Every structure is written in structure tokens, then in C-alpha cells.
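Since the structure comes first, as C-alpha cells, the remarks are kept for the end.
As the structure lists them, so they are numbered: ligands from 1, and atoms in each ligand from 1. Values in this document were obtained by computation on a predicted structure and should not be read as measured data.
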Amino acid sequence: MEKFVKYLELSPEVEAALKEGRPVVALESTIISHGMPYPANVDTARAVEQIVRDHGAVPATIAILNGKLKAGLTDEEIEYLGQATDVIKASRRDIPYIVAQGRNGGTTVGATMIVAALAGIKVFATGGIGGVHRGAETTMDISADLEELGKTDVIVVCAGAKAILDLGLTLEYLETRGVPVLGYQTASLPAFYTSTSEFKVDYRVDSAREIAAIAQTKWDLNLSGGVLVTNPIPAEYSMDPELINQAIENALDEAKVQGIQGKETTPFLLSRIKEITKGKSLDSNIQLVYNNAAVASDIAVELAKAE
Ligand code: PSU
Ligand code: MN
């Protein structure tokens with residue numbers, strides 16, 4: 001038996017689905033513990049699970065609880081992550097400490113990929129990925145999400161990257177790490193709150209079936225690592241670019257003045273942008289997560305068919 005098995009705890013539903021080769025979609029938990037305020041975080045987490053089910057897949061929300069790497073949470077566990085103050089934002093570097101000390105962690109995109117891969121889950125839906133932060137040429141703030149995409153075999157469905165990041169440098173980094181950036185029914189890189197940006201994705205792909213085939217081909221060829229699917233926010237929830245960009249600029253200025261650094265940066269910016277936009281950014285954030293869960297489920301269904 002592989003050594004990691006003793007740290008892993010799959011819910012009975014997730015375990016059965018994986019055993020039987022049925023589609024499973026991983027969901028992250030930093031978005032619950034650090035990405036959204038209570039109770040919107042918990043309501044969203046539950047609604048996302050329902051959307052995955054409605055699309056014929058089994059949801060596996062991933063987190064670290066009492067030192068166990070969990071895939072598939074109970075309602076009470078989701079509620080706990082949404083309210084507790086002892087939950088650590090968990091990236092790759094945090095996992096050994098949290099597990100060995102029996103602590104709790106909300107897993108980032110990168111850490112969720114790690115647990116998904118250990119569990120045998122190939123598809124993961126999130127809101128936005130971390131990336132190369134603006135000013136990274138001096139701060140060196142580059143999200144570990146990008147490194148993980150470079151080496152861990154999971155398809156990540158997101159709404160692109162937020163303009164709190166340097167989108168151009170984020171794409172450069174992904175290219176260096178060999179990560180295909182696919183646009184779901186779009187050639188433009190979506191920018192999270194808005195459906196387009198001035199950047200192009202590597203390839204536009206129009207169906208879940210084609211995305212599944214591209215990922216399967218990548219892994220058949222031993223080209224290890226993730227595939228990034230960027231799925232634009234639906235037009236009716238897309239924000240006014242001027243409004244959101246002004247909010248982002250203001251939030252970035254405040255972060256600088258207050259000396260916000262490291263892992264606090266992304267949660268700080270998300271929360272400030274929400275306040276500046278009077279909650280509009282949170283509404284958009286929730287809707288794009290729903291949209292990503294639906295597409296990820298379709299991809300998981302196609303992947304399961306092909307296997
Ligand atoms: N972007 C969002 N909401 C989030 C995050 C990013 O719109 O909740 C979270 C994700 O879990 C992502 C993490 O993996 O922030 C990236 O953090 P950092 O930039 O510190 O790597
Ligand atoms: Mn960072």
C-alpha cells in the first residue's frame with residue numbers, strides 16, 4: 001500500500017464513485033475559508049455541490065480536517081470551514097505541518113490538485129487561480145498554483161485570472177511550465193469578473209468532449225501536469241470593466257499602504273474589492289463558480305466515458 005493512503009479520507013460516496021469509474025469533480029476550500037464571507041461561502045459551497053450532481057457527477061470538496069486529507073465533506077464540515085477561525089490557508093508548503101499537527105486547512109487550487117491527484121480525481125472546478133502578481137519582478141509573489149499546474153495531472157476549470165494579477169506574466173509562466181491554457185468557447189483569456197481580456201488563450205475549444213480528449217492525450221504521452229480550462233463568466237453576470245478595474249486599482253493601493261504581503265494578499269484584495277463594489281464582485285464570483293462547476297462536470301462525464 002502506498003504510504004499516502006493513511007493520510008487520505010474519502011467520503012463513502014466519493015470512494016464508491018471512483019471505484020466504479022463514475023465522474024467525480026473536486027472542489028477547493030480556500031474559497032470557503034478565506035475567499036468569501038460567511039454565510040455566502042457556505043451557501044455557495046453547497047449550491048456548487050448540487051450543480052455538480054445535476055450534471056451527473058459526484059462532488060468532492062477537498063480540505064484538511066484534523067490532519068486528514070479529505071475528499072468529500074459532510075454538511076457540518078462545510079459549515080465548520082465557513083465559520084471557524086482556526087483554518088489555515090493551505091498551499092503545498094503548508095500540508096506537512098497541518099497534517100502532522102492534526103490541524104485544519106482550507107486547500108488552495110494547488111493544494112486541492114495535490115489531494116485530488118492522490119485520490120484519483122482528474123477534474124477540478126474553482127473560481128479563479130492564483131498567478132503572477134503585479135509587481136512580482138520585485139516581490140517574487142508568484143502563486144504556487146502555477147507550479148502545481150506544471151506538475152500535477154488534474155484538469156482545472158476556472159474563470160481565468162483576476163486583474164489583481166499580471167495576466168500577461170501569468171500566461172508566460174504557464175507556458176514555461178508546459179500548461180495548455182484552453183478557452184472554453186472563447187479565444188480571449190477571461191479575466192474572472194469580466195468575460196474577456198486583452199490576452200488570448202492558447203487554444204479555443206468548444207466542447208467538453210474535446211477538452212477531455214486533449215487532457216487524456218497529454219497524460220497518455222507522459223506529459224505530466226495540469227490542463228487549465230478558462231471558462232468566461234456568463235454575460236449577464238459580467239461586471240462593468242471600468243468599475244471593477246477601478247476597484248482593483250484601489251484595493252491594490254490599499255494593500256501597498258497597509259503592507260499586506262504573502263498569503264494574506266489574495267484574501268485581502270478579494271474582500272476589499274467586495275466592499276468597494278458594494279457586494280457586486282461577490283455576486284459575480286458566486287455565479288462564475290457555478291458556471292465552472294457545470295463545465296467541469298461535463299468534462300468529468302466525458303472523461304469517464306472515454307476510460
Ligand atoms: N481567487 C479567487 N478566490 C479565491 C482564490 C483565488 O477569486 O478564493 C484562492 C484560491 O484558493 C487560490 C488562492 O488557489 O486563492 C491563491 O492564493 P495565492 O495567491 O496566495 O497563491
Ligand atoms: Mn502569493
Side-chain angles (χ1 to χ4, degrees), residues 26-38 40-42 44-45 48 61-64 81-82 87-95 105-116 124-150 152 154 156-167 169-170 173-174 179 190-194 226 228 230-231 233 237 239 244 247-248 251-252 255 260-274 277 280-293:
L27 301 163
E28 65 150 307
S29 50
T30 291
I31 195 171
I32 305 173
S33 60
H34 294 77
M36 288 184 188
Y38 182 84
N41 55 358
V42 170
T44 304
V48 172
T61 303
I62 287 176
I64 311 176
L81 284 170
V87 181
I88 299 170
K89 177 178 163 188
S91 183
R92 169 178 276 261
R93 58 106 188 254
D94 306 291
I95 293 175
T107 47
T108 62
V109 168
T112 303
M113 289 178 76
I114 292 171
V115 178
F124 163 27
T126 184
I129 58 161
V132 180
H133 279 261
R134 295 202 209 170
E137 55 283 16
T138 50
T139 63
M140 292 185 68
D141 189 352
I142 299 173
S143 176
D145 292 351
L146 300 183
E147 282 296 308
E148 214 56 53
L149 281 161
T152 301
V154 176
V156 178
V157 182
C158 71
K162 268 174 303 305
I164 61 172
L165 304 170
D166 187 318
L167 299 189
L169 293 187
T170 299
Y173 202 93
L174 289 166
V179 181
F192 199 80
Y193 299 117
T194 54
L228 187 65
T230 62
N231 181 33
I233 184 171
Y237 303 112
M239 293 186 71
I244 189 64
I248 288 170
L252 283 165
I260 307 291
Q261 283 176 4
K263 71 193 288 187
E264 318 301 337
T265 302
T266 299
F268 174 86
L269 292 173
L270 289 173
S271 137
R272 278 304 293 146
I273 291 166
K274 183 206 143 212
T277 62
K280 279 204 187 105
S281 66
L282 178 60
D283 297 341
S284 290
N285 195 345
I286 291 168
Q287 293 300 328
L288 64 84
V289 173
Y290 293 166
N291 192 42
N292 295 341

| message | Would you compute the distance between atom OG1 of T230 and atom CZ of F192 and round it to the nearest 0.5 angstrom? | response | 13.0 Å

| request: Could you tell me which residues satisfy side-chain hydrogen bond (donor to acceptor under 3.5 Å, both in side chains) with T170, sequence neighbours excluded, listed by chain and number? | output: none

| task | Mind jotting down which protein residues get a heavy-atom contact under 4.0 Å with ligand 1? Chain and number order, please. | result | E28, T30, I31, G35, K89, T108, V109, G128, H133, S143, D145, K162, F192, T266, L270

| Test item: T112 side-chain N/O and T107 main-chain N/O as donor-acceptor pair under 3.5 Å | yes

Less than 3.5 Å apart, which donor and acceptor atoms pair up between the side chains of residues 126-137 and the rest of the protein, not counting sequence neighbours?
{"residue": "T126", "atom": "OG1", "partner": "E28", "partner atom": "OE2", "Å": "2.5"}
{"residue": "R134", "atom": "NE", "partner": "A163", "partner atom": "O", "Å": "3.0"}
{"residue": "R134", "atom": "NH1", "partner": "E249", "partner atom": "OE2", "Å": "3.1"}
{"residue": "R134", "atom": "NH2", "partner": "A163", "partner atom": "O", "Å": "2.5"}

| note | Protein-derived N, O or S atoms lying less than 2.8 Å from the Mn ion (ligand 2), waters not counted, sum to 1

| task | With the side chain counted from C-beta on, respond yes when I114 and E148 share a heavy-atom pair under 4.5 Å apart, and no when they do not. | result | yes

| If only atom types and distance count, is the side chain of D283 paired as donor or acceptor with the main-chain N or O of K280 below 3.5 Å? | no

| request: Without swapping roles, check the side chain of N291 against the backbone of Q287 for a donor-acceptor pair under 3.5 Å. | output: no

| remark: Nearest heavy-atom approach of T194 to M239 is CG2-O, 3.3 Å

| CD1-CD1 distance between I244 and I273, expressed to the nearest 0.5 angstrom | 5.5 Å

